[in-house]
Amino acid sequence: MKEYIDSIRSLVPTEVIYGEHCIKNNADKLLSLGEHALIVTGKSSAVNGSLRDVLSVLEEGGKGYTVFDRVTPNPTIACVREAVALLKEVGADFIVAIGGGSPMDAAKAIATFAVQDRKDEEVFSGGYENKALPMAHVPTTAGTGSEVTPYAILTNDFQKTKTSITSEAMFPKVAFLDARYMFCLGRNTTVNTAIDALSHAVEGMFTKKSSPETDKIALQAIEMIFSEFDNLKNYTLSERDREKLLVASMLAGVVIAHTGTTVVHAMGYPLTYFHDIDHGRANGLLLGEMLLLCAERQSEKTDEILRAASLFDVHDFSLALSALLGEKEDISREELEEYAVEVAKSKKLPNITYTPDYEDIRKMYLESFNVKQ
Ligand code: NAP
Ligand code: FE
């Protein structure tokens, strides 16, 4: 895996440290961030050895710490505000995020709002200054790649969707990738997060910002994730398989740090907001249709993706995803058409090389679900 970690060193400012016991073995990287850590996590995200490892390094290094373990999936502004108030009360000067995308994204928003506040209604207006408290991130799912991106995705109750906020300062200073923390991760979260990483890599390749360098990394991630499809399906993942998925997810994160995401993520957010469909699953249900749309216009890139996945055609790609994701959700035509109207206005759309219109989006939604009349 070392060669993959080396391949992204110049591409993101985050220092990625990888391997068993990497936190303990690189304690100085954590200890140099400040004097008092706010540890940001969820109820069970850090109950896998990760919190114990972080605390023992902080205690041995003579640092103070406070644990905020109230981040829920799809973090809200209210959750971020609660943590910022605690951070100020205890005088924390750096953040350690432990968890999947939800705690990692909440941590980025906390690190930002600790030094530049916004009114609730202005949180999604953009224009963040390039400053935030320093952060270390410890991913405990292998999917979002948030440990190497400058984005924090929060629930946006104003527009009834999820929206990202961003600034260069939201790149964590250091990311510790230790696959041991994922050994007890359940099947559904393991599958859904792997599919999220796959969608980052595939979407990234069809953006206007993609480059030969990001495509190479994306294809590497696609190959690694598809090589684990059988193990994901049967939920027979060895230590080595978990490591592979964790590194692939980080690589796909590096891709979207450069390219951003596009139509699949834009279409997935209302499904999470209104139907509570996990982020990665929502993407996975839509990804086959996206590839079909892109295949007609960028057959060369589509062929590269299929080769990396060891698949014959786009139909096989959809079948492989369906086999992992199982029965599709029932959603009414009316609802899907309403989402399509909103998604057609998404700022993510112009980022894709071929910008889908309302009809394309509507069709993708209708093909991706069991449509109730
Ligand atoms: P998540 O919401 O962080 O976690 C899903 C569930 O897994 C939670 O219930 C959590 O439990 C549990 N969990 C996490 N790690 C565990 C472990 N090692 N063992 C046992 N349980 C564990 O899910 P996610 O898919 O990683 O993140 C999704 C979020 O990331 C979405 O909000 C999405 O929009 C965002 N995202 C961000 C980026 C980015 O670049 N910033 C990219 C893609 C997606 P507890 O809640 O009990 O702790
Ligand atoms: Fe994602």
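Order of appearance sets the numbers: ligands from 1, and atoms from 1 within every ligand.
- Arg187 CZ: more than 12 foreign heavy atoms inside a 6.0 Å radius.
- Relative to atom 37 (C) of ligand 1, the option among Leu185, Asp105, Val71, Asn74 with the closest non-hydrogen atom is Asp105.
- The existence of a salt bridge linking Arg307 and Glu223 is excluded, since no basic side-chain nitrogen approaches an acidic carboxylate oxygen closer than 4.0 Å.
- Listed by number with element, the atoms of ligand 1 under 4.0 angstrom from any heavy atom of Ile153 are 34 (O), 36 (N), 37 (C), 38 (C), 39 (C), 41 (N).
- Of all N/O/S atoms in His200, NE2 sits nearest the Fe ion (ligand 2).
- Of all atoms in ligand 1, listed by their number and element, those nearer than 4.0 Å to a heavy atom of His200 are 42 (C), 43 (C).
- For ligand 1, the polar-atom distance check finds an N/O of Gly101 within less than 3.5 Å of one of the ligand's N/O atoms.
- Shortest contact from atom 34 (O) of ligand 1 to any protein heavy atom: Lys162 NZ, 2.9 Å.
- Scanning the protein for heavy atoms near atom 44 (C) of ligand 1, the closest one is His279 NE2, 3.2 Å.
- Shortest contact from atom 47 (O) of ligand 1 to any protein heavy atom: Ser44 OG, 2.5 Å.
- Proximity of a side-chain donor or acceptor of His258 to a complementary backbone N or O of Leu11 within less than 3.5 Å is detected.
- Residue Thr189 has at least one heavy-atom neighbour below 4.0 Å for each of these atoms of ligand 1: 7 (O).
- Each of the following atoms of ligand 1 lies closer than 4.0 Å to a heavy atom of Thr149: 39 (C), 40 (O), 41 (N).
- Counting heavy-atom neighbours within 6.0 Å of Lys363 NZ, excluding the residue itself, gives a total of 12 or less.
- When distances from the Fe ion (ligand 2) to the N, O or S atoms of Asp196 are compared, OD1 comes out shortest.
- Here is the list of ligand 1 atoms found below 4.0 Å of a heavy atom in Asp196: 43 (C), 44 (C).
- The backbone N or O of Met224 lies less than 3.5 Å from a partner atom in the side chain of Ser227, making a donor-acceptor pair.
- With Leu185 as the partner, the side chain to side chain contact (heavy atoms under 4.5 Å, CB included) test is satisfied by one option alone out of Thr140, Leu245, Thr141, Val191: Thr141.
- Heavy atoms from other residues, nucleotides or ligands lying under 6.0 Å from CG of Asp6 number more than 12.
- A centroid separation of 6.0 Å or more is found between the aromatic rings of Tyr273 and Tyr339.
- The distance from ligand 1 to the heavy atoms of Gly100 drops below 4.0 Å at these ligand atoms: 3 (O), 26 (O).
- Ionic pairing of Arg81 and Asp120 is present here: one or more N-O contacts between side-chain nitrogen and carboxylate oxygen are shorter than 4.0 angstrom.
- Residue contacts with ligand 1 leave out Met104, since none of its heavy atoms falls under 4.0 Å from the ligand.
- In terms of protein heavy-atom proximity, atom 42 (C) of ligand 1 is closest to Thr144 O, 3.4 Å.
- Between the Thr214 side chain and the Ser210 main chain, no donor and acceptor come within less than 3.5 Å of each other.
- Heavy-atom contacts of Thr141 reach the following atoms of ligand 1: 14 (C), 15 (N), 26 (O) (cutoff under 4.0 Å).
- Considering backbone and side-chain atoms together, Tyr269 places no N or O closer than 3.5 Å to any N or O of ligand 1.
- Both tests hold for Arg118 against Tyr128: distance to the six-membered ring centre under 6.0 Å, angle to the ring axis within 45°.
- For His265 atom NE2 and His279 atom NE2, the angle they make at the Fe ion (ligand 2) is roughly 90°, to 10 degrees.
- Considering each of Gly143, Pro139, Pro73, the one bringing a non-hydrogen atom nearest atom 46 (O) of ligand 1 is Pro73.
- Checking only distances, Thr193 never comes within under 3.5 Å of ligand 1, N or O to N or O.
- Ligand 1 lies within reach of Pro103, whose nearest heavy atom is under 4.0 Å from it.
- Not one N or O on the side chain of Tyr4 forms a donor-acceptor pair closer than 3.5 Å with the backbone of Met250.
- Shown here, atom 4 (O) of ligand 1 is out of close reach of the protein: none of its heavy atoms lies under 4.0 Å off.
- More than 12 heavy atoms of other residues, nucleotides or ligands sit less than 6.0 Å from atom NZ of Lys208.
- In terms of N/O distances under 3.5 Å, ligand 1 is not approached by His265.
- For Tyr181, a nitrogen or oxygen atom sits less than 3.5 Å from a nitrogen or oxygen atom of ligand 1, counting backbone and side chain alike.
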